[in-house]
Amino acid sequence: MKDILIVGGGYVGMYTALRLQRKLRRPLKKGDVRITVIDPQSYMTYQPFLPEAAAGNVQPRHMVASLRRLLPKVRILNGMVTKVNHAAKRVTFQPAEGEEREVGYDVVVMAAGSISRTLPIPGLTDVGIGFKSVAEAIALRNRVLSKIDLAESTEDPALRKKALTFVVVGGGFAGVEALAELEDMAKDATRYYRNIKPQDFHWVLVEASNRILPEVGPEMGRWTLEQLRERGIDVRMETRLNSAVGGHIELSDGTAFDAETLVWTAGVKPSQVVNATDLPIDDRGRIKATPRLNVEDTPDAFAAGDVAGVPDVTMPGEYCAPNAQHAVRQAKVLADNIVRHLDGDELKEYRHKYVGSVAGLGLHKGVANVYGVKLRGFPAWFMHRTYHLSRVPTLNRKVRVVVDWTLALLFKRETISLGEIEHPRDGFRAAVNS
Ligand SMILES: Cc1cc2nc3c(=O)[nH]c(=O)nc-3n(C[C@H](O)[C@H](O)[C@H](O)COP(=O)(O)OP(=O)(O)OC[C@H]3O[C@@H](n4cnc5c(N)ncnc54)[C@H](O)[C@@H]3O)c2cc1C
């Protein structure tokens, strides 16, 4: 029996397994092949919906797809791969609890994605939060809303000001979309507060380079910058975060202020598991892949998505950017190449020219540059929603997302902070200690 092991059940992992499950139906049935996916989560996260989930337009459960439901013919193991010993064809698997153990394989697919790329900035670890997971998006939503509750309830002007100051570092699509959606939601929420006006908020976007949203090109990036500034968002270009100790924000342009919320979205780096493998790594810490999505000079190993450095054959000398557009298409070629590899056939090259991007900037607001077609405002927002709806996996999720959007439109979105979900035992502990 051939064992195919997929490390990571995100875009690349889930779509690769889904295609293999279909293409290898017969060998799977006969027991000639086994496919295993290892991921700490039992679901694949549709990350482009994180900003909408943070804004309360999409329910968190509706932006994830159950791996066990989608992949009934695949073995799913929940936990982390902490080591890949490809020479011995074994990985070390650590479940959430209990002893770690070794899992063997014949073919490995590295699809562990990326994590936030951070810098050693004083205070960042204590104060900052990333924006890559459902947990972070929902915690951030609860945090913003609870800070508005606090500002309404306190009589201390300094505390009120600090509570209503929100800083996002990084002007790529994760940062811009997160900030724009949350600002839109916060503004919307003010209708339920007596003493908070939209102009009381201080939303700050800090970007180290001289452009934001490079994914939609320079012209649309400039347009987005103007839009954000017109909305009263304080965008600091060519500026860096120097310190965040105790929530005291110091920027490289000399300004300093207090903020209770700091979101870090300044880029990504490959998942840490790459450092515990004997696979070749490039100078950016990515697994060295070839355009055929196998690992360079390494038989029986494949890699794609954010964890891999895949040469972009449409732009010689460049690498595919870490985005879903590539990840989902690479998964298709990767699965086909595994089947070819098992059959002893020649592998095919991955070729996709980046088509541009769409970004949501709050309800009815967006920006898009796709196949050179540039859209602003409502048409871009509509395109953003229809595009992502077409991409979110399974009909079940699509229907649920449409229902969420419709309900938010008809009954206004929910703007309640459920932050206590993060501390479910506090009430019980207080009762025990009383
Ligand atoms: C807020 C946000 C918005 C985005 N919007 C867009 C967009 O509009 N368009 C676009 O093209 N792209 C977008 N992206 C980027 C896109 O989501 C990623 O490029 C894509 O998810 C990469 O796919 P992947 O399979 O490589 O990684 P992921 O989808 O992140 O999957 C990696 C999986 O590996 C698992 N894993 C990690 N380490 C281990 C380990 N040691 N052992 C086992 N499992 C492990 C993780 O739990 C995860 O499930 C966005 C990203 C974010 C954060």
Side-chain angles (χ1 to χ4, degrees), residues 5-17 36-54 63-65 67 76-84 91-96 103 108-116 130-137 140 168 170 172-179 181 213 215-216 263-265 267-268 270-277 286-287 289 303-308 310 320-331 334 352 354-360 366-368 370 383-385 387-388 391-393:
L5 175 65
I6 304 177
V7 181
Y11 265 93
V12 171
M14 190 278 278
Y15 279 110
T16 301
T36 304
V37 172
I38 301 185
D39 196 296
Q41 317 298 349
S42 59
Y43 53 81
M44 174 261 189
T45 304
Y46 189 78
Q47 290 178 1
F49 273 154
L50 287 176
E52 290 240 28
M63 56 165 292
V64 299
L67 294 177
I76 310 290
L77 297 178
N78 291 123
M80 292 291 275
V81 168
T82 52
K83 193 174 170 194
V84 180
V91 299
T92 307
F93 165 62
Q94 174 68 67
V103 178
V108 71
V109 177
M110 296 301 292
S114 55
I115 55 170
S116 301
F131 198 73
K132 278 204 55 76
S133 66
V134 179
E136 287 169 331
L140 195 55
V168 176
F173 53 8
V176 169
E177 283 193 294
L179 179 138
E181 291 283 0
L213 222 54
E215 294 84 358
V216 292
V263 190
W264 182 267
T265 60
V268 293
S271 157
Q272 315 92 305
V273 69
V274 294
N275 303 320
T277 74
R286 303 169 298 198
I287 295 171
D306 289 9
V307 81
V310 178
C320 298
N323 60 42
Q325 197 179 123
H326 281 300
V328 73
R329 289 171 171 86
Q330 285 173 351
L334 201 160
H352 170 68
Y354 186 64
V355 299
S357 205
V358 288
V367 58
V370 181
M383 185 185 209
H384 160 79
R385 281 209 160 174
Y387 171 76
H388 284 303
R391 290 282 156 180
V392 73

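Any value given below was found using the heavy atoms of this structure, including those in side chains, with hydrogens, waters and symmetry copies removed. On a predicted model such as this, the values are computed, not experimentally measured, just so you know. Remember, it's 1-based here, ligands and their atoms both numbered in the order they're listed.
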**Student:** Look at atom 47 (O) of ligand 1 and say which protein heavy atom is nearest, naming residue and atom and giving the distance to 0.1 Å.
**Tutor:** D39 OD1, 3.0 Å
**Student:** For the residue pair K132 and S116, what are the closest heavy atoms and their distance?
**Tutor:**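 Nearest heavy atoms, K132 then S116: CD-N, 3.9 Å.
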**Student:** Backbone N or O of S133 within a donor-acceptor pair of the E136 side chain at under 3.5 Å?
**Tutor:**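 Checked: pair present.
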**Student:** Nearest to atom 23 (O) of ligand 1, what protein heavy atom do you find, and at what distance?
**Tutor:** Y11 CB, 3.4 Å
**Student:** Checking T92 side chain against T82 main chain: does a donor-acceptor pair fall under 3.5 Å?
**Tutor:**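 Not confirmed, T92 side chain does not pair with T82 backbone.
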**Student:** Closest approach of P270 and R286, non-hydrogen atoms and distance?
**Tutor:**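 Answer, listing the atom of P270 first, then R286: CG-CG, 3.6 Å.
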**Student:** Between T45 and ligand 1, is there a nitrogen or oxygen pair with a distance under 3.5 Å?
**Tutor:** no
**Student:** Counting non-hydrogen protein atoms only, what is the nearest one to atom 4 (C) of ligand 1? Give residue, atom name and distance.
**Tutor:**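 Here the nearest protein heavy atom works out to P48 CA, 3.8 Å.
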**Student:** For residues M63 and A53, report the shortest heavy-atom separation together with the two atoms involved.
**Tutor:**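 Closest pair (atom of M63, atom of A53, distance): SD-CB, 3.5 Å.
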**Student:** Are any of the side-chain heavy atoms of M383 and V370 separated by less than 4.5 Å?
**Tutor:**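 Yes - at least one pair of side-chain heavy atoms lies under 4.5 Å apart.
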**Student:** For ligand 1, is H388 a contact, meaning one of its heavy atoms is under 4.0 Å away?
**Tutor:** yes
**Student:** Going by the order shown, which atoms of ligand 1 are within less than 4.0 Å of some heavy atom of P40?
**Tutor:** 43 (C), 44 (N), 45 (C), 47 (O)
**Student:** Ligand 1 and V358, any nitrogen or oxygen pair closer than 3.5 angstrom?
**Tutor:**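 For ligand 1, there is no N or O atom that lies under 3.5 Å from one belonging to V358.
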**Student:** Which residue from G8, A112, G175, A304 reaches closest to atom 32 (C) of ligand 1 through any of its heavy atoms?
**Tutor:** A112
**Student:** Report the member of A331, G113, S357, A324 with the shortest heavy-atom distance to atom 16 (C) of ligand 1.
**Tutor:** A324
**Student:** Give me the nearest non-hydrogen protein atom to atom 43 (C) of ligand 1 as residue plus atom name, then the distance to 0.1 Å.
**Tutor:** I38 O, 3.4 Å
**Student:** Do F173 and P48 have side-chain heavy atoms sitting under 4.5 Å apart?
**Tutor:**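 A side-chain contact under 4.5 Å is absent here.
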**Student:** Please list, in number order, the atoms of ligand 1 under 4.0 Å from a heavy atom of V81.
**Tutor:** 40 (C), 41 (N), 42 (N), 43 (C)
**Student:** Nearest protein heavy atom to atom 25 (O) of ligand 1, by residue and atom, and its distance?
**Tutor:**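 I find the closest protein heavy atom is V12 N, 2.8 Å.
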**Student:** Residue-level breakdown please: for S271 versus ligand 1, do any non-hydrogen atoms fall below 4.0 Å on the side chain, on the backbone, on both, or on neither?
**Tutor:**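 The part of S271 near ligand 1 is the side chain, not the backbone.
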**Student:** Can you name the closest pair of heavy atoms from V103 and L77 and give their distance?
**Tutor:** CG2-CD1, 4.4 Å
**Student:** Of all the non-hydrogen atoms in the protein, which one sits nearest to atom 30 (O) of ligand 1, and at what distance?
**Tutor:**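 The closest one turns out to be Q47 NE2, 3.2 Å.
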**Student:** Any non-hydrogen atom of P322 lying under 4.0 Å from ligand 1?
**Tutor:**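 Per 4.0 Å heavy-atom rule, P322 contacts ligand 1.
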**Student:** Name the closest protein heavy atom to atom 9 (N) of ligand 1, giving the residue it belongs to and the distance to 0.1 Å.
**Tutor:**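 Looking at atom 9 (N) of ligand 1, the protein heavy atom closest to it is F173 CE2, 3.4 Å.
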**Student:** Using heavy atoms and a threshold below 4.0 Å, how should the contact between A111 and ligand 1 be classified: side chain, backbone, both, or neither?
**Tutor:**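 For A111, the contact with ligand 1 is made by the backbone alone.
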**Student:** Do ligand 1 and D306 have nitrogen or oxygen atoms that lie under 3.5 Å from each other?
**Tutor:**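 In this structure, D306 places an N or O atom under 3.5 Å from an N or O of ligand 1.
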**Student:** Heavy-atom distances under 4.0 Å are what count here, so tell me which part of N323 touches ligand 1: side chain, backbone, both or neither.
**Tutor:** both
**Student:** By number and element, which atoms of ligand 1 are closer than 4.0 Å to a non-hydrogen atom of G305?
**Tutor:** 26 (O)
**Student:** Using every non-hydrogen atom in the two residues, find where L213 and A359 come nearest and quote the distance to one decimal.
**Tutor:**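 Closest approach of L213 to A359: CD2-CB, 4.2 Å.
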**Student:** Looking only at protein heavy atoms, identify the closest one to atom 31 (O) of ligand 1 and say how far it is in Å.
**Tutor:**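 Result: G10 CA, 3.2 Å.
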**Student:** Among R391, Q330, H352, which one satisfies side-chain contact (heavy atoms from CB on, under 4.5 Å) with Q325?
**Tutor:**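 Exactly one pass, corresponding to H352.
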**Student:** For V274, is there any backbone N or O sitting under 3.5 Å from a side-chain donor or acceptor partner on T277?
**Tutor:**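 Yes.
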**Student:** Please confirm whether Y43 comes within less than 3.5 Å of ligand 1 when only nitrogen or oxygen atoms on both sides are compared.
**Tutor:**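 No, no N or O pair falls under 3.5 Å.
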**Student:** Can you give me the closest heavy-atom contact between V273 and A112, atom names plus distance?
**Tutor:** CG1-CB, 3.8 Å
**Student:** Relative to ligand 1, is F131 under 4.0 angstrom through side chain, backbone, both or neither, heavy atoms considered?
**Tutor:** both
**Student:** V263 versus L179: any side-chain heavy-atom pair under 4.5 Å?
**Tutor:** no
**Student:** Can you say whether the rings of Y11 and Y46 are parallel (under 30°), tilted (30 to 60°) or perpendicular (over 60°)?
**Tutor:**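 Aromatic pair Y11/Y46 classed tilted.
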